[in-house]
2 protein chains.
Amino acid sequence: MGRRARLRAQTTAEIKAVALKHLGEGGPDAVSLRAIGREMGMSGSAIYSYFDTRDALITTLINDIYTSLLDQVETARDAVAPGDIAGRILAWGQAVRVWSLANPEGFRLIYGDPVAGYQAPAGGPAPEAAKRACLGLTELAAAAWPYAKATQASTDYRWSDFSSGLADTIREHLPDLPPAVVALALRMWGRMHGLISLEVYGHLGTQTGDPAKLYHAELLDLLRSLGLDVERPRRPRTPQAST
Amino acid sequence: MGRRARLRAQTTAEIKAVALKHLGEGGPDAVSLRAIGREMGMSGSAIYSYFDTRDALITTLINDIYTSLLDQVETARDAVAPGDIAGRILAWGQAVRVWSLANPEGFRLIYGDPVAGYQAPAGGPAPEAAKRACLGLTELAAAAWPYAKATQASTDYRWSDFSSGLADTIREHLPDLPPAVVALALRMWGRMHGLISLEVYGHLGTQTGDPAKLYHAELLDLLRSLGLDVERPRRPRTPQAST
DNA sequence: ACAAAGTTTGAACGCCGTTCTGATATGGAG
DNA sequence: CTCCATATCAGAACGGCGTTCAAACTTTGT
């Protein structure tokens with residue numbers, strides 16, 4: 001890699017850094033090519049050498065931020081012993097909320113209307129990080145499955161219910177997994193996402209002064225619905241025999 | 001009310017109607033004062049006679065849309081016999097999802113980043129419709145409480161955990177209600193919101209082809225966690241005696 | 001040393017919200 | 001009916017935006 005490529009990579013990184021800074025300080029509107037260029041001492045149109053369009057820049061920002069979220073969440077999960085399934089799920093859920101509240105603009109970028117008129121690249125593959133999130137949750141759901149199986153409603157799922165990309169990835173990492181586990185993982189995702197999303201967007205703050213307590217109770221209820229005992233000792237009870 | 005006031009009301013209504021149309025057709029960006037004026041045959045600046053600023057227009061749109069959502073949801077709920085608690089919760093939840101998928105731009109406006117640079121009126125009272133939603137869910141939670149009480153985790157809530165506006169409204173309509181019921185209602189809200197939000201913003205579609213099945217399973221699990229039997233006969237079992 | 005490729009600038013186009021200056025129409029008081 | 005305050009409107013203007021384009025400048029490989 002010549003000197004030129006190095007400069008290019010450096011400038012690209014600086015653009016992303018400035019964009020992230022503006023995002024955090026002034027919200028999504030502050031992420032404008034002209035403003036970024038102004039701060040970097042170059043004209044706004046020069047950025048088009050590095051990103052085809054503003055949406056392309058936003059897209060890579062989303063990928064970066066999403067990746068950082070997953071890094072943090074996975075780290076929190078791995079700080080709990082692999083055998084402590086309830087503890088791992090709890091750690092995952094709490095980490096998602098902590099990150100989201102610490103990076104509300106990032107959360108909005110990933111999960112909400114990112115920025116004026118941004119259109120996600122259509123038809124493209126699902127973002128890598130989204131699959132990673134889903135896979136991580138599926139692993140947790142799979143670990144809880146022996147306990148949760150009996151409690152789940154009798155909806156029957158097929159692999160065809162899920163996108164081939166997701167299904168293939170999961171079956172590669174976790175063979176012999178019933179598709180219902182993936183559905184459970186997606187529901188766990190939604191359950192964590194709901195309260196966090198309401199809180200980040202300020203809908204919960206006007207109703208309750210203590211969203212943390214609410215969220216914690218929700219996670220406990222989630223564990224209970226997975227058949228994992230949670231009051232006092234956090235060890236799960238013995239899984240039931242297969243039906 | 002003179003002729004003048006009538007004209008004014010009419011023009012105001014037309015502005016809102018055109019704004020809603022643009023919102024549905026072109027997304028949030030299409031809601032621009034200039035574009036609205038263009039379509040109405042008047043200059044963009046003329047709208048400033050009717051709304052102080054674009055954000056004011058957006059704010060009334062949000063109120064209107066939020067109200068229409070609650071009208072529809074309450075209608076769906078009231079189509080189920082008052083005694084069928086599980087059925088009412090199910091109807092509420094399904095109605096929220098149906099409305100959200102039919103009005104994704106409205107959903108984004110209410111719950112997401114509404115539009116470029118919009119700032120919700122700070123310090124103002126919580127939107128009327130939000131309290132209405134919360135109150136409706138609290139009624140459902142209160143009806144389910146005799147069955148759900150025993151299943152809830154032992155988090156203890158106080159009235160001071162909630163905003164005074166909400167707490168007062170609720171205690172006015174439903175006296176002698178434990179604050180834990182409000183917490184339960186907020187959690188129910190979050191639980192419905194999670195999957196719907198993921199679906200509306202397209203995060204679920206890339207992972208599963210059948211979000212409806214997922215959402216229905218989630219509602220069933222919610223009912224189960226409320227202590228309401230749900231397989232086949234939808235009648236709740238007898239409430240347990242007070243602990 | 002020189003041509004090819006990459007990078008940057010600055011003007012331009014059309015969009016936006018908002019403000020301001022006048023022009024025009026309306027409504028009520030005398 | 002007249003007259004004037006008030007409400008409504010058009011149009012220009014300011015500064016912001018994403019994007020395009022021709023022209024200049026810099027680096028690279030030969």
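So you know, we letter chains A, B, ... as the sequences are listed, proteins then strands, and number each from 1. Quick caveat: nothing in here was measured; it's all calculated off a predicted structure.
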(request) May I ask you to evaluate whether A/Arg38 reaches the phosphate of D/dG15, defined as a side-chain N or O under 4.0 Å from OP1 or OP2? (result) no
(request) To the nearest Å, give me how far apart CD1 (A/Ile36) and P (D/dG18) are. (result) 8 Å
(request) Quickly work out the B/Ile15 CD1 to D/dT8 P distance and round it to whole Å. (result) 10 Å
(request) Rounded to the nearest angstrom, tell me the gap between atom CG in B/Asp55 and atom C1' in C/dT18. (result) 12 Å
(request) Report yes or no: is there a donor-acceptor pair, N or O only, under 3.5 Å between the side chain of A/Thr53 and the base of D/dG18? (result) no
(request) Give a yes/no on whether any side-chain N or O of A/Tyr48 is located under 4.0 angstrom from OP1 or OP2 of D/dG18. (result) no
(request) Indicate whether any N or O donor in one side chain lies under 3.5 Å from an N or O acceptor in the other, for A/Tyr201 and A/Tyr111. (result) no
(message) Any heavy-atom pair between the side chains of B/Met192 and B/Ile89 that's under 4.5 Å?
(response) yes
(message) How many whole angstroms separate atom NE2 of A/His22 from atom P of D/dG18?
(response) 12 Å
(message) Without decimals, in angstroms, what is the distance between B/Leu7 CG and C/dT24 P?
(response) 20 Å
(request) Indicate yes or no: at least one non-hydrogen side-chain atom of A/Arg38 is less than 4.5 angstrom from one of A/Ser43. (result) no
(message) Regarding B/Ser32, tell me which of base, sugar-phosphate or nothing describes its non-hydrogen contacts under 4.0 Å with the strands shown.
(response) sugar-phosphate
(message) Could you tell me how far apart A/Ile47 (CD1) and D/dC17 (P) are, to the nearest whole angstrom?
(response) 11 Å
(request) Write down the distance between CZ (B/Arg8) and P (D/dA7), rounded to a whole number of angstrom. (result) 9 Å
(request) Specify whether B/Trp159 and B/Phe162 have parallel, tilted or perpendicular ring planes, treating 30° as the upper limit for parallel and 60° as the lower limit for perpendicular. (result) perpendicular
(message) Given C/dT9, D/dT19, D/dA10, identify the nucleotide with an atom nearest to the side chain of B/Ser43.
(response) D/dA10
(message) OP1 or OP2 of C/dG6 versus the side-chain N and O atoms of A/Tyr50: is any pair under 4.0 Å?
(response) no
(message) Side chains of B/Glu139 and B/His173: any donor to acceptor distance under 3.5 Å?
(response) no
(message) Once you apply a heavy-atom cut-off of 4.0 Å, does A/Ala46 come out as touching a base, just sugar-phosphate, or nothing?
(response) base
(request) Could you pick out which residue, A/Ser45 or B/Ala35, lies toward the 5' side of DNA chain C when each is mapped onto its nearest nucleotide? (result) A/Ser45
(message) Using a heavy-atom cut-off of 4.0 Å across all strands, would you classify A/Gly41 as base, sugar-phosphate, or nothing?
(response) sugar-phosphate
(request) Could you tell me the separation between the CE atom of A/Met40 and the C1' atom of C/dT9, rounded to a whole number of Å? (result) 15 Å
(message) Using a distance-only criterion (donor-acceptor N/O pair, under 3.5 Å, no hydrogens), is the base of D/dG18 paired with the side chain of A/Arg34?
(response) yes
